[in-house]
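Owing to the predicted nature of the structure, the values given are computational and were not obtained by experimental measurement.
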Amino acid sequence: MNSEELLQRYSAGERNFKGVNLESAKLHDANLEGINLHSANLNSARLQGANLERAVLDNARLDNAELEGINLESASLVEANLSESNLDGANLTNADMRGVELHESSLHNACLKGANLRGSQADSARFNAANLRQADLRDIRLFDGSLEGTNLMGADLSGSQLEYVNLNRFLYDSETTFEETITPHSGGIYIGAGANLKGIDLTNADLSEADLSEADLSFTNLRGANLSGAILFQANLEGANLDYTDLTDADLEQANLIDAQTRMTIFCNTVMPDGTMLLK
């Protein structure tokens, strides 16, 4: 089956394409929400920017595929082969990726919040700056890979195999569960009440609902960060970059905002330093 035929049949209402051969198919920016591609061959396919939300891709071949910016939110990819694929900027929020193969894949800036990667094989995979918040990473194998700058807040890494992994500047909190061999203080950045985050680059970080009361965030780069629902009571934000930061429902009571940059900052139901609520 070629790409054009697939799109025509999908547009006509067909959703079950189990086992179809779409090797090297060109489906970038296609809307294939809810499609069933169980056991399909998508080796070397081009799916950049495509929408496969809630798609079924269990046991599918997606090795060497171009998947930059693809939307796979809530998709099922159980035991799929994504080796050597490009998933930079992909949305894999709440995806079921148990037992998936990610050898030598790139997931730079990908969102895997709440994703289940238990038992996945990801040797030499690069998760640089990815959002793995609350992800299930139990028993993941990531030899010689990279978690540099990765958000691991609330993630479970029990039983993980992380030998020779780059763990520089990853984010963690009190709910992150580590394998006994990992020492988070050696390269991690703690996100929590009273944390010292002075001058750290947290651009676009997902810090929603984080307790950062009394934290030192002076001169910290929080441009584009998600701080919705965050507790910033008495936090020091002097000189911080809050441009484009989302502070919806955040608590900034008694926080220090002297010289903070607030261009296009989202204040909505935000408790301000003086105790008043900004409703805009």
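For the pair D243 and R223, the salt-bridge criterion is met [side-chain N within less than 4.0 Å of a carboxylate O]. Electrostatic pairing of E73 and R54 does not count as a salt bridge here, judged by no charged N lying under 4.0 Å from a carboxylate O.
Remark: the backbone N or O of A95 is not paired with any side-chain donor or acceptor of S74 at under 3.5 angstrom. Side chain of D156 to backbone of D136: no donor-acceptor contact under 3.5 angstrom is found. S106 contributes no side-chain N or O that, together with a main-chain N or O of L87, makes up a donor-acceptor pair within less than 3.5 Å. No side-chain donor-acceptor contact under 3.5 Å links D63 to the backbone of S83. Here the side chain of N21 pairs a donor or acceptor atom with the backbone of E23 at under 3.5 angstrom. The main-chain N or O of L197 is found under 3.5 Å from a side-chain atom of T220 such that the two form a donor-acceptor pair. Checking side-chain atoms of T270 against main-chain N and O of F267 turns up no donor-acceptor pair under 3.5 Å. Remark: the backbone N or O of L167 is not paired with any side-chain donor or acceptor of E148 at under 3.5 angstrom. Although no hydrogens or angles enter the test, the distance criterion places a donor-acceptor pair under 3.5 Å between the side chain of R133 and the main chain of S208. No donor-acceptor distance shorter than 3.5 angstrom exists from the side chain of S39 to the backbone of K18, with no hydrogens or angles considered.
When the shell of 6.0 Å around CD of E175 is examined, it contains 12 or fewer heavy atoms from other residues, nucleotides or ligands. Within 6.0 Å of atom CE in M264, 12 or fewer heavy atoms from other residues, nucleotides or ligands are found, so the atom counts as exposed in its surroundings. Annotation for R46: atom CZ does not count as buried by contact number, only 12 or fewer foreign heavy atoms lying within 6.0 Å.
Between Y172 and F178, the ring centre distance stays below 6.0 Å. Taking the six-membered ring where the residue is Trp, the centroids of Y164 and F143 are separated by 6.0 Å or more.
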Hey, mind stepping through R61 and L42 against side-chain contact (heavy atoms from CB on, under 4.5 Å) and telling me if it holds?
CA-CA 5 Å; R61 282 195 60 188; L42 288 152; 5.9 Å; no
Would L82 and L67 count as a side-chain contact (heavy atoms from CB on, under 4.5 Å) here? Give the steps.
CA-CA 10 Å; L82 291 155; L67 306 170; 3.7 Å; yes
Could you go step by step and tell me if L207 and L222 meet the side-chain contact (heavy atoms from CB on, under 4.5 Å) rule?
CA-CA 10 Å; L207 304 175; L222 289 158; 3.9 Å; yes
Does Q261 form a side-chain contact (heavy atoms from CB on, under 4.5 Å) with L242? I'd like the steps, not just the answer.
CA-CA 5 Å; Q261 302 173 49; L242 297 171; 5.7 Å; no
Is there a salt bridge (charged side-chain N to carboxylate O under 4.0 Å, His left out) between D139 and R118 once you walk through the steps?
CA-CA 6 Å; D139 304 316; R118 185 170 188 178; 3.3 Å; yes
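When the side chains of ILVMFWY residues are joined at heavy-atom separations under 4.5 Å, either directly or via intervening members, I231 and I266 end up in two distinct hydrophobic clusters.
Shortest non-hydrogen contact noted between Y190 and S174 is CE1-N, 3.8 Å. Taking each heavy atom of L117 and I140 in turn, the nearest pair found is O-CB, 4.4 Å. Between S120 and M97 the shortest heavy-atom distance is CB-O, 4.2 Å. Between A260 and L237, the shortest heavy-atom distance links the atoms CB-O, 3.6 Å.
For the side chain to side chain contact (heavy atoms under 4.5 Å, CB included) criterion with L217, the lone passing option out of N236, L232, N256 is L232. K113 pairs in a side chain to side chain donor-acceptor pair (under 3.5 Å) with only one of the listed residues (D206, N94, N91, N151), which is D206.
For the 3.5 Å distance criterion, the side chains of T203 and N221 qualify, holding a donor opposite an acceptor. When only modelled atom types and interatomic distance are considered, D58 and S76 share a side-chain donor-acceptor pair under 3.5 Å. Side-chain contact, Q48 with E66: no donor N or O sits under 3.5 Å from an acceptor N or O.
A distance of 8.0 Å separates OG1 of T248 from CG of N226, quoted to the nearest 0.5 Å. Interatomic distance, CD1 of I200 versus CZ of R169, reported as 6.0 Å (0.5 Å rounding).
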